[in-house]
Q: 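Submitted below is the structure of interest, expressed as structure tokens.
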Amino acid sequence: MNGRVYVSTVVAEGPVNGTVVRVVLGARRTYTPEGALQWLRGQAYRIADGLEPDPYAGWITYSGPVLVPVGAQVAHVPSVLRAWCDDDGQQDVARRRLVCGDRLTVSAVDGSGRYTLTAVPTTAPPDLSAVACGVRGRRRRRWWWPFGRTRRRHARPRTAPHVSHMEGLA
């Protein structure tokens, strides 16, 4: 591990009843920049498919003019997010930024709101579990039985020594 944790978040902001509402759609911690980018791409596809299904998806059947193209002057969030996911050059630049320790922000805006995907590299906190337990060096093996050492590891059945019934009669 390189000592970094990548905290990724997806946030939607938009007007609701006259006020701007901010909703965290998801968050995740990963230990590699590739893992952070993979999760962000999955979330970008999820948002794009939620706002507008892919017009070439196999499960969509023709049901009349339901999806209407918008003009070129209007930003289209699903197209922006899909284009970011499918562009290998932008993905490589994003990976390099995360490796160098820079913050990555991808934002798409339209009339309905703003969708922001963010990945922030942070320094991983040290593992304090061993320090808190007072363990140094090799960990001592703990006994697995919950009631202490009440059971013997290789216990033999306790029986009286074998005595023949005929021994005392002769």
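Note that these values count all heavy atoms, side chains included, but never hydrogens, waters or copies made by symmetry. These numbers were taken from a predicted model, which means no experiment stands behind them. Position 1 is the first residue of the sequence, and the numbers go up from there.
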Q: For residues 24-38, pull every pair meeting salt bridge (charged side-chain N to carboxylate O under 4.0 Å, His left out), keeping only residues two or more places apart or in separate chains.
A: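 The answer is Glu34-Arg95.
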
Q: Between the side chain of Gln91 and the main-chain N/O of Trp84, is any donor-acceptor distance below 3.5 Å?
A: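 Here the side-chain-to-backbone pair exists.
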
Q: Where do Arg82 and Asp49 come nearest, in terms of heavy atoms and distance?
A: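 For Arg82 and Asp49, the tightest heavy-atom pair comes out as NH2-OD1, 2.7 Å.
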
Q: Could you list the residues that satisfy salt bridge (charged side-chain N to carboxylate O under 4.0 Å, His left out) with Arg96, not counting sequence neighbours?
A: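 Residues passing salt bridge (charged side-chain N to carboxylate O under 4.0 Å, His left out) with Arg96: Asp92.
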
Q: Are Asp86 and Tyr45 close enough that some pair of their side-chain heavy atoms sits under 4.5 Å apart?
A: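 In short, these two side chains touch, coming nearer than 4.5 Å.
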
Q: Would a hydrophobic clustering, with Ile, Leu, Val, Met, Phe, Trp and Tyr connected at side-chain separations under 4.5 Å, put Val10 with Val23?
A: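 Shared cluster, yes.
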
Q: Under a 4.5 Å side-chain heavy-atom rule over Ile, Leu, Val, Met, Phe, Trp and Tyr, are Val93 and Trp39 clustered together?
A: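 Unlinked, Val93 and Trp39 end up in two clusters.
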
Q: Which heavy atom of Ala36 sits nearest to which heavy atom of Tyr6, and what is that distance?
A: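 Scanning both residues, the minimum pair turns out to be CB-CB, 3.9 Å.
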
Q: Quick one: closest heavy-atom pair of Pro15 and Ser112, and the distance?
A: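 Between these two residues, the closest heavy atoms are CD-O, 3.6 Å.
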
Q: Any chance you could measure Arg4, atom CZ, to Thr122, atom OG1, to the nearest 0.5 Å?
A: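 It is 9.5 Å, given to the nearest 0.5 Å.
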
Q: Got a second to check how far Gln38's CD is from Thr30's OG1, nearest 0.5 Å?
A: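 Separation between the atoms: 9.5 Å.
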
Q: Between Thr9 and Gln43, is the side chain to side chain contact (heavy atoms under 4.5 Å, CB included) condition met? List the steps.
A: CA-CA 9 Å; Thr9 57; Gln43 294 301 304; over 6 Å; no

Q: Determine, using the 4.5 Å side-chain heavy-atom cutoff (strictly less than), whether Val5 and Val120 are members of one ILVMFWY cluster.
A: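 No, separate clusters.
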
Q: May I ask whether Leu51 and Val16 are part of the same hydrophobic cluster, defined by side-chain heavy atoms of I, L, V, M, F, W, Y residues being less than 4.5 angstrom apart, directly or through others?
A: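 Looking at the clustering, Val16 is in the same group as Leu51.
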
Q: Can you measure from CD (Gln90) to CG (Leu37) and round to the nearest 0.5 angstrom?
A: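 The CG atom of Leu37 is 11.5 Å from CD of Gln90, to the nearest 0.5 Å.
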
Q: Any chain of hydrophobic side-chain contacts (each under 4.5 Å) joining Leu40 to Val80?
A: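 Unlinked, Leu40 and Val80 end up in two clusters.
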
Q: Any chance you could measure Ser79, atom OG, to Asp110, atom CG, to the nearest 0.5 Å?
A: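 It is 10.5 Å, given to the nearest 0.5 Å.
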
Q: Find the distance between CD (Glu52) and CG (Leu81) and round it off to the nearest 0.5 Å.
A: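 If I round to the nearest 0.5 Å, the distance is 11.5 Å.
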
Q: Report, one line per pair, each donor and acceptor closer than 3.5 Å where one atom sits in a side chain of residues 99-107; sequence neighbours left out.
A:
from: Ser107; atom 1: OG; to: Arg114; atom 2: NH1; distance (Å): 3.3

